[in-house]
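Taking it in order: structure first as structure tokens, then the write-up.
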Amino acid sequence: MVRVSEDLIRRRAEHNNCEIFSLEEISLHQQDLERIEHIDKWCRELKILYLQNNLIGKIENVSKLKKLEYLNLALNNIEKIENLEGCESLQKLDLTVNFVGELSSINSLQENLHLRELYLVGNPCAEYEGYRQYVVATLPQLKWLDGKEIERSERIQALQDYPQVQGRMKEQQEAYLRKRAAEREEARSKLQGKQKESRKTQEKKPGFDRRWYTDINNTIPDPVEKPDPTEQNGDETALRKAEEEEEKEFWSQPSQYTPESRLETHRYLEEKRKSKESSSEGELKKKPPRTLITAEGRVLNVNESKLDFSLVDDEENNQFVLDLAIYRHLDTSLVDVDVQPSYIKVLVKEKPFQLVLPAEVKPDSSSAKRSQTTGHLVVTMPKAIGVIQTKRAKSPVVEEQTRKNPPKCSKTFEKLEVDPKACSVPDFANIVQEKKTQAQGPLQFHKNKVKDTEDSEDFIDNTDVPPLM
């Protein structure tokens, strides 16, 4: 039996930061609840309360919810409308598909002055002759009944026919109550018969009879007999067949739709669920470890974590480089590397990655590093057998011949001759050249120094040409 607990209410109050004292709306549907309890003490500010599709048999512990406006109790086992007088703000009440047969119990809703909507469809009382007229005449504050608006003319007609409708309603109600009493008695006797049968089956089963038997003279331990697997399989199949037959008989047996049958069905399903869970837990065995090396000694390639990897043969450095794409944010303490001469094994969160190497390596000289940016694991494994090229020793006769007659393909170095005059000390005075001043503009003239041309050898004095200055 599931009960209303503080933990349940807090889990259903996530929209209110799990605070229950200021909670205004809560949904407790499909929780297999059989009673309403603690809600009126813990959630005084509630305005909307959903309790549909449970096993609640009585309306109780809601009278202190003064701010409650909407109460949904559809698909439950309620047989009487009661204990709602204290819900002063109640505006909507949903009792769809219940077992309300005592229609006179709606008189308790006359004190709920703000009640505007009422749903009783799917109840035994909704099948009474004159049901709607009786409800409309009894509750003058109602505006909607079973989703249909109550018109003024309908209310006037219901008030006029109220005495006759009330008499017919009482007769039908008394007949239904007598029928319900018989159904309860039948369900009680059926339950007692099942309890007796279960006791008999328990007595027939072998077990401890609360008495101990001890043989003092017997010092030899009893041999432990190993169970025969064929017998075990036969017993299991027989049990399964018996359970299937029992389940088929239960569902094929006709039953009336009553609160007792609904509870019985629920408890039967609950027992089946628990038995299946217990059997599955017993049958659930630990997953066998993955085979990494066969019985013949052959090493297998395994990548249980499904990680991307690359194996590079670095011939220049005579080594293998494995790049394993480990998750970036995975802690390094969850990674274990084991390098063997012929293979490498890496455990990532206890999931193996194993790779057979093309050639033997040196495990002692191997190294593993992890990138801080990508998180990849880089394992460097030097090869055990390296390709080493050795030089052959030459005889002294061959060496003398090579000195005298060097090979044509040998490289000869030529030395460059340098002119000693070019190595003289440079004149630092002529490094920077003087800038020649030029005339700027038509009116600005600068006198340029003119060398004496007369001193030059090629000078010819022409008398026809006037002097420049």
Side-chain angles (χ1 to χ4, degrees), residues 12 15 23-31 33 36 39-40 43-162 165-166 169 172-173:
R12 305 297 294 181
H15 59 282
L23 194 62
E24 295 184 357
E25 179 180 349
I26 190 170
S27 179
L28 297 174
H29 65 285
Q30 296 180 352
Q31 298 293 325
L33 301 174
I36 305 174
I39 296 177
D40 59 338
C43 310
R44 293 290 183 91
E45 303 295 323
L46 267 184
K47 293 183 179 180
I48 300 174
L49 177 58
Y50 296 98
L51 289 168
Q52 69 269 26
N53 202 0
N54 283 291
L55 300 169
I56 300 170
K58 184 180 180 181
I59 303 175
E60 57 184 345
N61 298 324
V62 291
S63 59
K64 295 181 181 179
L65 301 176
K66 303 298 181 182
K67 298 181 180 180
L68 186 64
E69 298 177 0
Y70 176 34
L71 177 60
N72 192 333
L73 285 166
L75 294 166
N76 279 283
N77 295 343
I78 295 170
E79 299 187 52
K80 185 179 179 181
I81 303 174
E82 55 186 344
N83 300 324
L84 291 173
E85 297 84 355
C87 301
E88 300 173 356
S89 304
L90 187 63
Q91 299 178 11
K92 183 178 179 180
L93 177 62
D94 192 349
L95 293 169
T96 304
V97 191
N98 274 274
F99 297 91
V100 179
E102 193 174 344
L103 189 57
S104 59
S105 62
I106 64 171
N107 295 328
S108 63
L109 297 176
Q110 291 178 350
E111 299 183 11
N112 301 98
L113 302 178
H114 299 282
L115 185 63
R116 297 293 179 264
E117 295 183 52
L118 178 63
Y119 291 86
L120 290 171
V121 64
N123 287 272
C125 64
E127 299 177 2
Y128 294 169
E129 184 183 353
Y131 145 76
R132 185 175 177 86
Q133 295 175 353
Y134 180 81
V135 176
V136 171
T138 306
L139 303 175
Q141 73 272 28
L142 272 187
K143 301 294 182 183
W144 296 79
L145 177 60
D146 296 334
K148 185 179 179 181
E149 187 177 3
I150 301 172
E151 297 180 358
R152 184 179 179 185
S153 58
E154 183 182 4
R155 191 180 301 279
I156 294 171
Q157 185 68 33
L159 290 172
Q160 291 176 356
D161 299 338
Y162 181 72
V165 172
Q166 187 180 15
M169 187 274 302
Q172 298 176 71
Q173 179 176 301

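Residues: numbered from 1 along the sequence shown.
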Checklist line | Qualifying residue, where the test is side-chain hydrogen bond (donor to acceptor under 3.5 Å, both in side chains) with Glu154 and the options are Lys148, Arg132, Gln133 | finding: Arg132

Next item on the list: Under the side chain to side chain contact (heavy atoms under 4.5 Å, CB included) rule, what do Leu103 and Val135 come out as? Steps first, then yes or no, please.
Entry: CA-CA 8 Å; Leu103 189 57; Val135 176; 4.1 Å; yes

Is [Y] close to [X] at the side-chain level, that is, under 4.5 Å between some pair of heavy atoms?
X	Y	answer
Arg12	His29	yes
Ile39	Ile26	no
Lys66	Arg44	no
Gln141	Leu113	no
Leu23	His15	yes
Leu115	Leu84	no
Tyr50	Tyr70	yes

Next item on the list: Just jot down the side chain to side chain donor-acceptor pair (under 3.5 Å) partners of Ser63, sequence neighbours excluded, or say none.
Entry: none

Keeping [X] on the side-chain end and [Y] on the backbone end, is there a donor-acceptor pair under 3.5 Å?
X	Y	answer
Asn61	Ile36	yes
Asn54	Asn76	no
Asp146	Val121	yes
Arg116	Gln91	no
Asp40	Lys64	no

Inter-residue atom distance [X].[atom1] - [Y].[atom2], 0.5 Å rounding:
X	Y	atom1	atom2	answer
Gln166	Met169	CD	CE	6.0 Å
Ile56	Leu51	CD1	CG	4.5 Å
Leu68	Cys43	CG	SG	11.0 Å
Thr138	Ile106	OG1	CD1	4.5 Å
Ile48	Asn72	CD1	CG	10.5 Å

Next item on the list: Please work out whether the ring planes of Tyr162 and Tyr134 are parallel, tilted or perpendicular, with thresholds of 30° and 60°.
Entry: parallel

Item checked: Contacts of type ring-ring contact (aromatic ring centres under 6.0 Å, His included), residue Tyr128, not counting sequence neighbours -> none

Next item on the list: Take atom CD of Glu149 as the centre, draw a 6.0 Å sphere, and report whether it contains more than 12 heavy atoms from other residues, nucleotides or ligands.
Entry: yes

Next item on the list: Name all pairs fulfilling the side chain to side chain donor-acceptor pair (under 3.5 Å) condition that reach into residues 100-114, sequence neighbours left out, sorted by first residue then second.
Entry: Ser104-Gln173

Checklist line | From CA spacing to verdict: side-chain hydrogen bond (donor to acceptor under 3.5 Å, both in side chains), Asn123, Tyr131 | finding: CA-CA 11 Å; Asn123 287 272; Tyr131 145 76; over 6 Å; no

